[in-house]
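Data first, discussion second: the structure below is written as structure tokens.
Order of appearance sets the numbers: ligands from 1, and atoms from 1 within every ligand.
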Amino acid sequence: MQQILNYINGSFQAANSGEYLDNYNPATGEVYSLIPDSDATDVELAVKAAKAAFPSWSALTREERSEHMLNVSKRITERLDELAEAESTDNGKPVWLAKRVDIPRASDNFKFFATAILHDSSELHDTDGKFLNYTLRQPIGVAGCISPWNLPLYLFTWKIAPALVSGNTVVAKPSEITPMTAFLLSQICDEVGFPKGVLNIVHGLGGKVGSAITEHVDVPIISFTGGTETGKTIARIAAPMFKKLSLELGGKNPNIIFDDCDLENALKTSLNSSFANQGQICLCGSRIYVQKGIYNEFKTRFVELVKEMKVGDPKSADVKLGAVVSKAHFDKILSYVELAKQEGGTVLCGGKEAKTDLGGWFIEPTVIEGLDEQCRTNQEEIFGPVVTIQSFETEEEVLAYANGTKYGLASTVWTSDLTKAHRVAAQLHTGIVWVNCWLIRDLRTPFGGVKQSGVGREGGWEALRFFTEPKNVCIPLH
Ligand code: NAD
């Protein structure tokens, strides 16, 4: 059985404890690899290595650091098939999806920040012709990067690439549920000759490894993506140390469909925005609101299309949904379907395990109608292939529904009225609004949420700003 290893100070090593955790293939329900059960002592070694590597790494020119990033990007692309297979085995997602989206995006993350850093420039102000003010953007030190299981390599690299290219060194922890592609990434970084200690990857549980990174006095900056409750814990620990924090957290995203929309496009895209990656994307629209004039037609056609979505072997080219990530998550999702029924909802399709002969954790795509806005099913993040659907009459009414949760990550609006699109987009309390499209991700744009969906932004200049500290220098001109 394959054993994953930590990557610390340029060497591959087991956890100090010598213990391993089981790593499951969600499609078969079987353990297929082992990951180091690391603890604070392993994190200590990683932070020490990262701290020692910081002076020389941060002293490289941006062109030199950019070159390292481009080498990683290239190797990821060369190993596309292998990485896509590994991501699918680890996470349960269809191989075609990993090949089309996750792995190319991981490569693009390195390429994008390698290029962006070359175009970053300092602010400069002439003060009354007498003084010159300029702002240096300096790397901070050892950055802690902690990521979730839903888009494993995609989100891991979305943090590591801007952190490194800005001149920081990194101690990173992938999710213990999907560690494999982070392990393969450590091999890639080693192959392309990353200097020792620049990138350190420590595997293991959140409560041991993640909290040790968060608590460490020599890690002044943390970039975290994951659940809102974990984000709160990290914020509580980091606050007294005044750590710089970026928290990308949960969502309960509204998908608003006005009756003047392009119905075909709204239907087709809503299938994807509801169920892509088994509904396990923080940006999936999990609450569908359809205006009264087209509600019945949309609902009937949507449910027909959902019933046609094939669930099954992630290796098959024609499956739309693979397995959900773990047995615990499978149970959680189905418990929400039961809750929805108790709360008065009607299951229009799905709502149960999808039967396969593979042995893993598959759930039918599920649509639920007839729920109150304030019920738990409509307020809490399920993070699986389950959406609720409900009609509305006025713009004011749907805005109240859309904004009526503690989350504020993303929203989608479907309308042919441009003025309405602008008006509604401006009033939605979310960090991202898509109009007549979904999941178009330009890496230059700010990415993140408001309310309990997080603090700070990733992407483009926002990420480079986050991973650097501005220092203003003022000097007389004469
Ligand atoms: P999670 O919060 O359970 O875990 C995320 C990471 O944090 C994992 O690596 C985990 O080991 C680690 N962790 C757990 N406890 C920790 C602690 N006490 N201290 C430090 N680290 C700890 O989240 P998850 O279940 O892996 O991911 C699903 C969640 O992520 C969903 O809520 C989803 O919406 C969210 N998510 C958000 C975004 C976004 O960009 N906003 C993107 C993807 C996923």
Next on the checklist: At under 4.0 Å between heavy atoms, is it the side chain or the backbone of E229 that contacts ligand 1, or both, or neither?
Outcome noted: neither
Item to check | Salt-bridge contact D81-K99 (side-chain N to carboxylate O under 4.0 Å) | outcome: yes
Checklist entry - Is ligand 1 under 4.0 Å from a heavy atom in the side chain of L249, in the backbone, in both, or in neither? => result backbone
Checklist entry - Are side-chain N/O atoms of T77 and S107 paired as donor and acceptor at under 3.5 Å? => result yes
Next on the checklist: Would T233 count as a polar contact of ligand 1, with the cut-off being nitrogen or oxygen pairs under 3.5 Å?
Outcome noted: no
Checklist entry - Is there a protein heavy atom less than 4.0 Å away from atom 34 (O) of ligand 1? => result yes
Item to check | Residue pair W57, H68: steps toward the ring-ring contact (aromatic ring centres under 6.0 Å, His included) verdict | outcome: CA-CA 11 Å; W57 178 251; H68 281 290; 5.4 Å; yes
Next on the checklist: With the threshold set at under 4.0 angstrom, would you say S147 reaches ligand 1 through any of its heavy atoms?
Outcome noted: yes
Next on the checklist: When you compare the side chains of N378 and T388, does any donor N or O come within less than 3.5 Å of an acceptor on the partner?
Outcome noted: yes
Checklist entry - Relative to the heavy atoms of G210, which atoms of ligand 1 are at a distance of less than 4.0 Å? => result 19 (N), 20 (C), 21 (N)
Next on the checklist: Check this for me - ligand 1, T214, N or O atoms closer than 3.5 angstrom, yes or no?
Outcome noted: no
Checklist entry - Heavy atom of P174 under 4.0 Å from ligand 1? => result yes
Next on the checklist: I'd like to check whether S453 has a polar contact with ligand 1, where a contact means an N/O of the residue lying under 3.5 Å from an N/O of the ligand.
Outcome noted: no
Checklist entry - Of all the atoms in ligand 1, which lie at a distance below 4.0 Å from a heavy atom belonging to F447? => result 40 (O)
Item to check | Test ring-ring contact (aromatic ring centres under 6.0 Å, His included) applied to Y289 and F392, step by step | outcome: CA-CA 7 Å; Y289 299 109; F392 69 92; 7.1 Å; no
Item to check | Per-residue contact class, L151 against ligand 1 - non-hydrogen pairs under 4.0 Å | outcome: neither
Next on the checklist: Please list, in number order, the atoms of ligand 1 under 4.0 Å from a heavy atom of S175.
Outcome noted: 9 (O)
Checklist entry - Using a distance-only test with no angle check, is there a side-chain donor-acceptor pair under 3.5 angstrom linking W414 and N255? => result yes
Next on the checklist: As an exercise, identify every atom of ligand 1 less than 4.0 angstrom from a heavy atom of L155.
Outcome noted: 42 (C), 43 (C)
Next on the checklist: Below the 3.5 angstrom mark, is there an N/O of C282, backbone or side chain, next to an N/O of ligand 1?
Outcome noted: no
Checklist outcome for this item: In terms of heavy-atom contacts, F466 and S223 come closest through CE2-CB, 4.1 Å
Checklist outcome for this item: Within 4.0 Å of some non-hydrogen atom of W149, the atoms of ligand 1 are 24 (P), 25 (O), 26 (O), 27 (O)
Checklist entry - Any chance the rings of W158 and F112 have centres within less than 6.0 Å? => result no
Checklist entry - Relative to each other, are the rings of F302 and F275 parallel, tilted or perpendicular (30° and 60° limits)? => result parallel
Item to check | Check: G227 N/O within less than 3.5 Å of ligand 1 N/O | outcome: yes
